[in-house]
2 protein chains.
Amino acid sequence: MSTSSPATIEDVARIAQVSIATVSRAIHTPEKVANSTRLKVNQAIAITGYTTNAMARSLRLGRSNMILVVAPDIGDPNFSNILVGLENEARAHGYGILIGHTQNDPQRGLEYLKFLNSNQAAGLILFTGILPFGHQSMTARLPPSVGVFEPVYNGGIPYVGVDDIEGARKAVDLLIAEGHRKIAFIGDSRTRLAYSRRRQGYDAGLDAAGVPAGERIILEGDGTIESGRLALEQLFMRDTLPSAFMCVNDQTAIGVMIGLGARGYDIPTDFSVTGFDDVPQASFMTPALTTIRQPRTAIGKSAMALLFELLSDSEPTDTEILLRPDLIVRNSVSAPSRRFQKR
Amino acid sequence: MSTSSPATIEDVARIAQVSIATVSRAIHTPEKVANSTRLKVNQAIAITGYTTNAMARSLRLGRSNMILVVAPDIGDPNFSNILVGLENEARAHGYGILIGHTQNDPQRGLEYLKFLNSNQAAGLILFTGILPFGHQSMTARLPPSVGVFEPVYNGGIPYVGVDDIEGARKAVDLLIAEGHRKIAFIGDSRTRLAYSRRRQGYDAGLDAAGVPAGERIILEGDGTIESGRLALEQLFMRDTLPSAFMCVNDQTAIGVMIGLGARGYDIPTDFSVTGFDDVPQASFMTPALTTIRQPRTAIGKSAMALLFELLSDSEPTDTEILLRPDLIVRNSVSAPSRRFQKR
DNA sequence: ACGATCCATGTAAAGGTTTACATCATGGGA
DNA sequence: TCCCATGATGTAAACCTTTACATGGATCGT
């Protein structure tokens, strides 16, 4: 029984002495089957070790039990914990997750579109902030989909993320409370909506503290470690230095810390730094980085839950789910240094 | 044409004015089809936007185009980069990867076994070092499979990993070259084969350096940060201290560094520390951790390549592929301190 | 010029499931 | 007692492919 080819519904039917239709019903709609029959069927299933052939089932139903998850970079440390939430929730519904990885290459995106077109996935989770299917993005017929972190630019797709404005606000408020007023914002505020919202949080915080717009220092950067470092170099060529750096994400913050360290400054004595995301490295920096935590596992879980809602009702209850970001206070923030204060 | 239900092979056949068999042949075995016909078919495919229904194809072929990847913890930072290699290689073969996550719970393992039994995966990649299917592990009929990092304990399955003995040897040799003789080995050497091989590398290195077995210090630990810290505490209750800590993995090393830091020691002035794996955090520690790098993306790529070999030939060329681990020299190792030398 | 061979194509079965519809038995109401 | 509703089960079609086998035409060798 562990040899030979796998048992089919027909084997079960023969042993239970019923028709295959009855077997199918006993499995999927047990209430439509007499108790005694159901018992026989269950026994037969146990004997044969039968499991439904998912291929056949999907073919008949016209819908698979897979969810495709597409991210620009699955090597991203931010990604793996989300995956945990996604996987757990999917599996609780009897679905599997299929993962894909575009590296921002539309060509690769198109290959996933083929997956979708060939009915291999019942739903789609997108990390890209944009439909990654190149020029076909507009015309593509997509299964129920949800975005993670950001709304999907060209898709009109519900999403799950964190309240970036509130998160950023928590970071500025901490800096303000410590006495900072010259706070630089470092990071991309254009390409990604999440980032521009963090910028909004920054502005809102400084507005509330009465710091005029003219005194704010904004530096662009694409969210990489390198960009943090570069932005810092630019800053040191100006005549005004901030007392604190509020970075759009942890990578940027790490770049800033490295740059500051290389110049011989001490954090937080000389400068305070905050990040956003709470990537795994954040707590291992010296000093440990004060940052805003994304509840990653929860985000994954709720994105998948939202997707299943879409899959059953066609009416989603929410079109945007924002989770609460938490301020994680570590050691990279203190009161501003006198040294640079008077500048 | 982007509305309505997706085109089937029959739609293509009708437009191209040929039979569905010819269409199928034009796609999969073009050499068996006349040039002119192939052209007509290709045009019809372009017009309809036809893509093969993977469900139907898999059903007919009795084999899907998915590879199941099962890891104990997909949130592990070691995991994501491997995933990149796995995914790229799989996709190059037209396969998708399905990921699963057991958390060492045999119950969850069993659910993946169902996936397998229902023909949803043509192959299996295992990270567990053990078949994760509980009591059914022995009798389960598995598709072609390959292990990553370690041979699969109860499976007789080929695997791809790193040469742990050689890697460990590189670490000890570095410490020896710096002048250390009292080198503690910290970490689990029993449950995981990879770990016990690292231990072998340690022993081989000390043998070569003529350090008698009696002078070696071995501490158990399960490979977590906490275990590194604990082992260190135990050590400080003894009367003999090593001058260097060779840790079975980076997590353990991080635990040791934290513990040493808490006791006010400086690394590498007072003690040297090495790790193994080169997890992302390693380079962000202060001091940055000297460790052995696992070529993760390459491991993933070659594991998947090996799997495809199994899938085509039934004779695998190799049953064990060991990649070369590199020594990554950072700042956690220096010559031994005088301070503890004379003890 | 004829039979053998080969090549391109078509016909139809098979793969395992779900489900609309048909069938049949049972029990209740009149 | 008869009819009808109800509930349990069976029959068969459909989902979309791939491919063994059949067919028919053309080509080649003698």
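Note on naming: letters A, B, ... go to the chains in the order of the sequence lines (proteins, then strands), and numbering restarts at 1 for each one. Remember, predicted model here, so these are calculated numbers, not experimental data.
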> Is any side-chain nitrogen or oxygen of A:T22 closer than 4.0 Å to OP1 or OP2 of D:dG10?
Replying inline: yes
> Looking only at atom types and distance, does a side-chain atom of A:S80 sit under 3.5 Å from a main-chain N or O of A:D76, one as donor and one as acceptor?
Replying inline: no
> Between A:R57 and C:dT18, is there a side-chain N or O to OP1/OP2 distance below 4.0 Å?
Replying inline: yes
> Looking across every strand, which nucleic acid part, if any, lies under 4.0 Å from B:T37 by heavy atom: base, sugar-phosphate, or nothing?
Replying inline: sugar-phosphate
> For residues 8-21 of chain A, which residues have at least one heavy atom under 4.0 Å from DNA chain C?
Replying inline: A:T8, A:I9, A:I20, A:A21
> Please give, in whole Å, the distance from D:dT17 P to A:M55 CE?
Replying inline: 14 Å
>> Rounded to whole Å, please give me the gap between CG in A:L61 and P in C:dT18.
In response: 7 Å
> Within this structure, what is the NE2-to-C1' distance between B:H28 and C:dT9, rounded to whole angstrom?
Replying inline: 17 Å
>> In whole Å, I'd like the distance from the NZ atom of B:K40 to the C1' atom of C:dA8.
In response: 11 Å
>> Counting distance alone, no hydrogens or angles: does the base of C:dG10 have a donor or acceptor under 3.5 Å from a partner atom on the side chain of B:R25?
In response: yes
> Rounded to the nearest Å, what distance is computed from the OH atom of residue A:Y50 to the P atom of nucleotide C:dG16?
Replying inline: 10 Å
> Do the two ring centres, one from B:F79 and one from B:F127, sit under 6.0 Å apart?
Replying inline: yes
> If only atom types and distance count, is the side chain of B:S145 paired as donor or acceptor with the main-chain N or O of B:P143 below 3.5 Å?
Replying inline: yes
> A:L59 has an atom CG; how far is it from atom P of C:dT19, in whole Å?
Replying inline: 13 Å
> Any Lys/Arg nitrogen of B:E31 or B:R38 sitting under 4.0 Å from an Asp/Glu carboxylate oxygen of the other?
Replying inline: no
> Taking the side chain from A:H101 and the backbone from A:A71, do they hold a donor-acceptor pair closer than 3.5 Å?
Replying inline: no
> Distance only, no hydrogens: is a donor on one side chain within 3.5 Å (strictly under) of an acceptor on the other, for B:Q120 and A:N65?
Replying inline: yes
>> Is it true that, when you exclude A:E10 itself, more than 12 heavy atoms of the residues, nucleotides or ligands shown sit nearer than 6.0 Å to its CD?
In response: no
> Rounded to whole angstrom units, what separation is found between the NZ atom of B:K32 and the C1' atom of D:dA20?
Replying inline: 10 Å
>> Rounded to whole Å, how long is the line connecting atom CD of A:E31 with atom P of D:dT6?
In response: 18 Å
